[in-house]
Enquirer: 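Have a look at this one.
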Amino acid sequence: MNFLSLDPYVCTACSREPMRYRPVRCPKCGIGRLWGHGYYWRKIDRHCGAGTHELAPVPRFRCTGCGRTCSRLPACIAPRRWHGWQPQQDALRTLAEAGSVRATALVLQVCRNTVLRWRGWLAEHAEVFAFHLKSRFPDWAREPDLTTFWREILVGRSLQEVMAILDTHLTVP
Ligand SMILES: [Zn+2]
């Protein structure tokens with residue numbers, strides 16, 4: 001189960017049951033098993049409905065194989081991004097419709113580099129994400145090509161929910 005928005009319960013669940021968030025295997029070496037390694041506090045974006053919570057506990061894990069650590073974010077926190085999933089989805093959808101980075105940045109009042117970064121992120125992972133989603137939801141496999149597939153997702157679904165689904169198969173980068 002993934003939590004789609006941060007609320008006090010999530011904060012409690014994160015710190016009390018970090019093993020619920022444990023990835024199946026180490027995302028760094030792909031082999032080792034992971035053990036709980038405490039958690040750290042991370043600033044979160046208010047877009048995700050966090051109410052008064054500006055910091056959230058993020059469980060950390062240590063690999064028994066390579067010794068490196070990794071962490072698992074609750075679905076509502078976009079990994080390595082200050083913005084939440086919603087503005088990112090808005091930008092990617094607008095980009096798919098308008099086609100221009102400049103127009104998207106102007107309409108949504110975000111800087112062009114941010115739009116470029118989001119576009120790059122999706123371009124980099126689109127194929128792997130689509131593969132996992134199509135194998136989980138055969139209905140989604142009808143879309144003939146990758147561009148149409150992602151347009152359907154960005155228009156008709158919640159990017160946050162889709163990332164939460166993916167997060168059960170792989171650690172969303
Ligand atoms: Zn490892």
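Fair warning: this is a prediction, and the values are worked out from it, not measured in the lab. Counting convention: from 1, in listed order, for ligands and their atoms alike. What's counted below: heavy atoms across the whole structure, side chains too, no hydrogens, waters or symmetry copies.
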Enquirer: Just the protein N/O/S atoms under 2.8 Å from the Zn ion (ligand 1), please, no waters.
Expert: Cys26 SG, Cys29 SG, Cys63 SG, Cys66 SG
Enquirer: Could you go step by step and tell me if Gln88 and Trp118 meet the side-chain contact (heavy atoms from CB on, under 4.5 Å) rule?
Expert: CA-CA 7 Å; Gln88 190 166 340; Trp118 288 341; 3.6 Å; yes
Enquirer: In a table with atom names and distances, give each donor-acceptor pair under 3.5 Å that connects a side chain of residues 151-158 to protein atoms at least two apart or in another chain.
Expert:
from   : atom 1 : to     : atom 2 : distance (Å)
Ser158 : OG     : Gln160 : N      : 3.3
Ser158 : OG     : Glu161 : N      : 3.0

Enquirer: Output all residues satisfying side-chain contact (heavy atoms from CB on, under 4.5 Å) with Arg102, sequence neighbours left out; order by chain, then residue number.
Expert: Ser100, Arg112
Enquirer: Are the aromatic ring centres of Trp85 and Trp121 under 6.0 angstrom apart?
Expert: yes
Enquirer: Under 3.5 Å, side chain of Trp150 to main-chain N/O of Ala126, donor-acceptor pair present?
Expert: yes
Enquirer: Listed by chain and number, what are the salt bridge (Lys or Arg N to Asp or Glu O under 4.0 Å) partners of Arg93, not counting sequence neighbours?
Expert: Asp90
